[in-house]
Trainee: 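Sharing a structure below in structure tokens format, with a few things to ask.
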Amino acid sequence: MSGAISNTTDDAATIDSGRLSQTIVRQAPDAIIYADAQGIIRFWNLGAERVFGFAEAEALGQSLDIIIPEGLRARHWAGYSATMQSGSTRYGTGEILAVPALRKDGRRISIEFTILPFRDDSGRMEGIAAILRDVTVRFEEMRALRRQLAERSIPPRAPEGG
């Protein structure tokens, strides 16, 4: 019964894993993006549309620069190029990265993401997939809490003059 969920008790958990994977990746609420070795966007899911504001048709074929703030691009591309050339990255083991990003409307957001390196059959890097989440609200709340804590920890000044 390939391609369908079974209702029998003998194989109640049977599902087409390809269809399941495709549905999860396409419709996940988190952004899922794949860029090739040159940093050109080749996959853009519905979560990426929501997070970054670009429709899939607008993002596909574009450079990752559409979501990278200008001041961070040189650093990003240096790391991306090194990863493509060496085939290794310190971020490929599930480490969560936190960086600013850009939305279509030009607004900066805070994102957290993990990356998944993609290799061809010979082990050469083909590109990188990233799973990204907009954490702007949480980041701003934490910054406000830190500011409040800092203000409370400043000792009051002694009155001048007296």
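Values below: all heavy atoms of this structure, side chains included; hydrogens, waters and symmetry mates excluded.
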Trainee: Nearest 0.5 Å please: distance from the CD1 atom of Ile66 over to the NZ atom of Lys104.
Mentor: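 Going from the CD1 atom of Ile66 to the NZ atom of Lys104 covers 9.5 Å.
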
Trainee: Does Ser122 have any side-chain contact (heavy atoms from CB on, under 4.5 Å) partners at least two apart in sequence or in another chain, and if so, which?
Mentor: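 Applying side-chain contact (heavy atoms from CB on, under 4.5 Å) to Ser122 gives Asp120, Arg124.
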
Trainee: State plainly whether one hydrophobic cluster holds both Phe113 and Val135, where clusters connect Ile, Leu, Val, Met, Phe, Trp and Tyr through side-chain heavy atoms under 4.5 angstrom apart.
Mentor: no

Trainee: Between Tyr80 and His76, how do the two ring planes meet: parallel, tilted or perpendicular, split at 30° and 60°?
Mentor: tilted

Trainee: Only counting residues at least two apart or in another chain, list the ones meeting salt bridge (Lys or Arg N to Asp or Glu O under 4.0 Å) with Glu140.
Mentor: none

Trainee: Determine yes or no for a side-chain-to-main-chain donor-acceptor pair under 3.5 angstrom, with Gln62 supplying the side chain and Ile41 the backbone.
Mentor: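 Flag not set: sc Gln62 to bb Ile41 has no pair under 3.5 Å.
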
Trainee: Side chain of Asp30, backbone of Arg133: donor and acceptor closer than 3.5 Å?
Mentor: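 Side chain of Asp30 to backbone of Arg133, a donor-acceptor pair under 3.5 Å: no, none is there.
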
Trainee: State, to 0.1 Å, how close Arg50 and Arg103 come at their nearest heavy-atom pair, and which atoms those are.
Mentor: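 In this case the closest contact between Arg50 and Arg103 is O-NH1, 3.2 Å.
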
Trainee: According to a hydrophobic-cluster definition based on side-chain heavy atoms being under 4.5 Å apart (Ile, Leu, Val, Met, Phe, Trp, Tyr only), do Ile96 and Ile111 belong together?
Mentor: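 No; Ile111 is not reachable from Ile96 via cluster members.
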
Trainee: Under the salt bridge (Lys or Arg N to Asp or Glu O under 4.0 Å) test, which residues partner Glu126, sequence neighbours left out?
Mentor: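 By the salt bridge (Lys or Arg N to Asp or Glu O under 4.0 Å) rule, Glu126 matches no residue at all.
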
Trainee: Mind checking side-chain contact (heavy atoms from CB on, under 4.5 Å) for Ala129 and listing every partner two or more places apart, or none if nothing turns up?
Mentor: Tyr34, Leu116, Phe118

Trainee: Can you list everything that forms a side-chain contact (heavy atoms from CB on, under 4.5 Å) with Leu102? Sequence neighbours excluded, please.
Mentor: Pro69, Arg73, Arg108

Trainee: Please determine whether residues Phe54 and Leu60 belong to a single hydrophobic cluster, defined as Ile, Leu, Val, Met, Phe, Trp and Tyr linked transitively by side-chain heavy-atom distances below 4.5 Å.
Mentor: yes

Trainee: Please report the closest heavy-atom contact between Ala35 and Leu64, naming both atoms and the distance.
Mentor: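 Scanning both residues, the minimum pair turns out to be CB-CD1, 3.7 Å.
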
Trainee: Do the side chains of Leu72 and Leu97 join up, straight or via other hydrophobic residues, at under 4.5 Å, putting them in one cluster?
Mentor: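 They do share one cluster, since a chain of ILVMFWY contacts under 4.5 Å joins Leu72 to Leu97.
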
Trainee: Among all residues two or more places apart in sequence or in another chain, which pass the side chain to side chain donor-acceptor pair (under 3.5 Å) test with Glu112?
Mentor: Arg138

Trainee: If you look at every heavy atom in Met125 and Thr83, which pair is closest and at what distance?
Mentor: CG-O, 3.6 Å

Trainee: For residues Ile33 and Trp77: do they belong to one hydrophobic cluster (side chain heavy atoms under 4.5 Å, members Ile, Leu, Val, Met, Phe, Trp, Tyr)?
Mentor: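 The answer is yes; both residues are in one hydrophobic cluster.
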
Trainee: How long is the gap from CG on Asn45 to CD on Gln27, to the nearest 0.5 Å?
Mentor: 9.5 Å

Trainee: When you look at Val51 and Leu132, which way does the side chain to side chain contact (heavy atoms under 4.5 Å, CB included) test go after all the steps?
Mentor: CA-CA 9 Å; Val51 170; Leu132 310 97; 5.8 Å; no

Trainee: Taking atom CZ of Arg75 as the centre, does the number of heavy atoms from other residues, nucleotides or ligands within less than 6.0 Å exceed 12?
Mentor: no

Trainee: Do any N or O atoms from the side chain of Thr136 and from the backbone of Ser110 form a donor-acceptor pair under 3.5 angstrom?
Mentor: yes

